[in-house]
*Asks:* 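Below: one structure in structure tokens.
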Amino acid sequence: MHTILQRISRHLQETGTPETLFGRRAAGDPRLVGDLRNGRQPRPPLIARIEAYIDRQERAE
């Protein structure tokens, strides 16, 4: 199963973006990635915001 954390991790690796910067830009939460890695379960609206942010970044490349 492809989780949002897997997609974030791939994006971070491909772009070299720091976790805190990603969280701040994607969701206004610099602790987002760390919290997800520690078991935080994002709700559908947050997942949609994150996916939309990653989609925008991929289109801009």
*Asks:* Applying salt bridge (Lys or Arg N to Asp or Glu O under 4.0 Å), name anything that partners R31, two or more places apart in sequence or on another chain.
*Replies:* D35
*Asks:* Using the test side-chain contact (heavy atoms from CB on, under 4.5 Å), find all partners of R43 that sit at least two apart in sequence or belong to another chain.
*Replies:* P45
*Asks:* Starting at CZ of R25, measure out to CD1 of I54 and round the result to the nearest 0.5 Å.
*Replies:* 13.5 Å
*Asks:* For D55, what residues pass the side chain to side chain donor-acceptor pair (under 3.5 Å) criterion, not counting sequence neighbours?
*Replies:* R7
*Asks:* Answer yes when R49 and D29 have at least one side-chain N-carboxylate O distance shorter than 4.0 Å, and no when they do not.
*Replies:* no
*Asks:* Which atom names give the shortest non-hydrogen contact between A27 and L32, and what distance separates them?
*Replies:* CB-CD2, 4.0 Å
*Asks:* Nearest heavy-atom pair of T3 and Q6: which atoms, and what distance?
*Replies:* N-OE1, 2.8 Å
*Asks:* Report, one line per pair, each donor and acceptor closer than 3.5 Å where one atom sits in a side chain of residues 12-21; sequence neighbours left out.
*Replies:*
unit_1: T15; atom_1: OG1; unit_2: H11; atom_2: O; d: 2.8
unit_1: T15; atom_1: OG1; unit_2: T17; atom_2: N; d: 3.3
unit_1: T15; atom_1: OG1; unit_2: T17; atom_2: OG1; d: 2.7
unit_1: E19; atom_1: OE2; unit_2: R37; atom_2: NH1; d: 2.0

*Asks:* Does anything in residues 25-61 pair up under ring-ring contact (aromatic ring centres under 6.0 Å, His included), and if so which pairs, sequence neighbours excluded?
*Replies:* F22-Y53
*Asks:* Calculate, to the nearest 0.5 Å, the distance between atoms CD1 and CD belonging to I4 and Q41 respectively.
*Replies:* 12.0 Å
